[in-house]
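For reference, the structure discussed in these notes is given below.
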Amino acid sequence: MLRRLLAGAAIAAFAWKEVAALPSPQDTDSRSRGNSTNHIVSVGKADHKFSPEVLIAKPGDTVSFQFYPLNHSVVRMDPEYPCKPWEKIHKDGSAFWSGFQAMDTFLDPPPTYTITINDTKPLWFYCSAEGSCIDYQMVMGINPDNSTSPIAKVKSEAGKATFSLSPGEPWPAEGGDIPNPDSNAGTGSSGASDNGERDDGSVKLSPGAIAGIAIGGVIALALIGLLFFFVGRKKGTGEAKAGAQATSVSPQEAALMNS
């Protein structure tokens with residue numbers, strides 16, 4: 001009986017040792033320091049993504065973003081306006097910007113950017129490297145509100161964004177040509193149509209009207225040329241007839257004419 005009890009105790013002790021050696025889910029992504037935890041987030045580790053993409057942290061914890069090739073960054077954003085720096089939307093001075101971390105190979109230790117968590121409000125981040133936020137939906141959330149902004153929704157909205165900015169970059173210029181206020185004339189409910197008149201009273205000519213004027217000018221010049229041609233020809237014919245008549249007069253007629 002004693003032997004069985006000793007054997008059972010040995011098995012239980014071995015099993016407890018194995019269970020204690022297993023890492024907890026928190027240990028895989030964080031390192032405890034007293035009452036606070038330093039959470040590790042990989043940025044672009046052989047992929048265009050944050051790992052993990054969702055993190056739960058308590059006040060006093062820190063989050064260390066570790067960077068990998070080629071050139072990633074960490075920028076705070078508002079999930080309703082993805083791929084834009086927080087300070088472009090809000091003026092509360094609580095923006096985060098790691099700057100770009102360029103490298104062409106893994107570094108040991110990797111470059112790190114660390115922030116401290118002060119409360120449990122949601123924080124959202126994206127990578128502002130070209131193509132990362134829109135093409136790869138490279139975003140992550142700390143303490144996200146899954147009822148309003150689940151990670152899948154935020155990634156989807158990031159993929160629909162038309163442009164991405166880094167902190168300090170200006171809003172892009174409005175694209176396309178400046179609209180012509182006359183271009184939509186005649187399409188409204190007033191029944192009016194574009195008659196070529198501007199608000200200042202001047203008249204604008206269409207390309208067709210300009211071409212018509214040019215063709216008319218050419219025709220007018222041609223007609224004038226023909227008129228001069230026929231007038232000159234008629235005059236020459238008359239002079240030739242007068243010369244012929246003068247040569248046909250006899251000497252006697254000429255003497256009489258001269259007397």
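- Taking P122 as the reference, W124, D145 meet the side chain to side chain contact (heavy atoms under 4.5 Å, CB included) condition, with sequence neighbours excluded.
- Evaluation of the side chain to side chain contact (heavy atoms under 4.5 Å, CB included) rule for E130 yields no partner, not counting sequence neighbours.
- Between M77 and P82 the shortest heavy-atom distance is SD-CA, 3.7 Å.
- Across every non-hydrogen atom of T116 and T62, the tightest pair is OG1-CG2, 3.7 Å.
- By the salt bridge (Lys or Arg N to Asp or Glu O under 4.0 Å) test, K49 pairs with no residue at all, sequence neighbours left out.
- Identified under the ring-ring contact (aromatic ring centres under 6.0 Å, His included) test for residues 135-166, with sequence neighbours left out: H48-Y136.
- Take S64 and apply the side chain to side chain contact (heavy atoms under 4.5 Å, CB included) test, not counting sequence neighbours, and it matches N38, I40, T112, T114.
- When the salt bridge (Lys or Arg N to Asp or Glu O under 4.0 Å) test is applied to K153, no partner is found at least two apart in sequence or on another chain.
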(message) Using side chain to side chain donor-acceptor pair (under 3.5 Å), reason through S42 and S51 one step at a time and then give a plain yes or no.
(response) CA-CA 5 Å; S42 298; S51 182; 5.4 Å; no
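- Atoms CD1 and NZ, on I89 and K91 in that order, are 8.5 Å from each other to the nearest 0.5 Å.
- Legend: salt bridge (charged side-chain N to carboxylate O under 4.0 Å, His left out) pairs involving residues 66-76, not counting sequence neighbours: none detected.
- W86 and I142 sit in two unconnected hydrophobic clusters of ILVMFWY residues. Membership requires side-chain heavy atoms under 4.5 Å apart, directly or through other members.
- Shown here for K121 and N143, the closest heavy-atom pair between the two residues is O-CB, 4.1 Å.
- Residues passing the salt bridge (Lys or Arg N to Asp or Glu O under 4.0 Å) test with E157, sequence neighbours excluded: K160.
- Residue pairs meeting the ring-ring contact (aromatic ring centres under 6.0 Å, His included) criterion with at least one partner in residues 101-122, sequence neighbours excluded, are Y68-F106.
- A donor-acceptor contact under 3.5 angstrom links the side chains of S128 and S73, judged on distance only.
- Scanning for ring-ring contact (aromatic ring centres under 6.0 Å, His included) contacts around F65 gives F125, with sequence neighbours left out.
- Proximity of a side-chain donor or acceptor of D61 to a complementary backbone N or O of T37 within less than 3.5 Å is detected.
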Donor-acceptor list for residues 95-103 side chains, cut-off 3.5 Å, not counting sequence neighbours:
residue, atom, partner, partner atom, Å
S98, OG, V74, N, 2.8
Q101, NE2, S98, O, 3.1

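- Following chains of ILVMFWY side-chain contacts shorter than 4.5 Å, one cannot reach Y126 starting from F67, and the two form parts of different hydrophobic clusters.
- Contact annotation: the side chain of S156 never approaches that of Q137 to less than 4.5 Å [non-hydrogen atoms, C-beta and beyond].
- V63 and V43 fall within a single hydrophobic cluster, where Ile, Leu, Val, Met, Phe, Trp and Tyr are joined by side-chain heavy atoms under 4.5 Å apart, directly or via other members.
- Criterion: ILVMFWY side-chain heavy atoms under 4.5 Å apart, direct or through other members. Under it, I117 and L55 are part of a common hydrophobic cluster.
- The two residues L165 and K88 have their closest heavy-atom pair at CD1-CE, 4.2 Å.
- Inter-residue side-chain proximity for E53 and K155 is flagged as met; some heavy-atom pair is nearer than 4.5 Å.
- If you take CG on D47 and CE on M138, they are separated by 8.0 Å, rounding to the nearest 0.5 Å.
- Considering all non-hydrogen atoms of both residues, S164 and E169 come closest at O-OE1, 4.2 Å.
- P52 and V41 get closest at one heavy-atom pair: O-CG1, 4.1 Å.
- I56 and I151 end up in different hydrophobic clusters when Ile, Leu, Val, Met, Phe, Trp and Tyr side chains are linked at under 4.5 Å.
- Among residue pairs with one or both ends in residues 107-149, those qualifying as disulfide bond (SG atoms under 2.5 Å apart) are C83-C133; sequence neighbours excluded.
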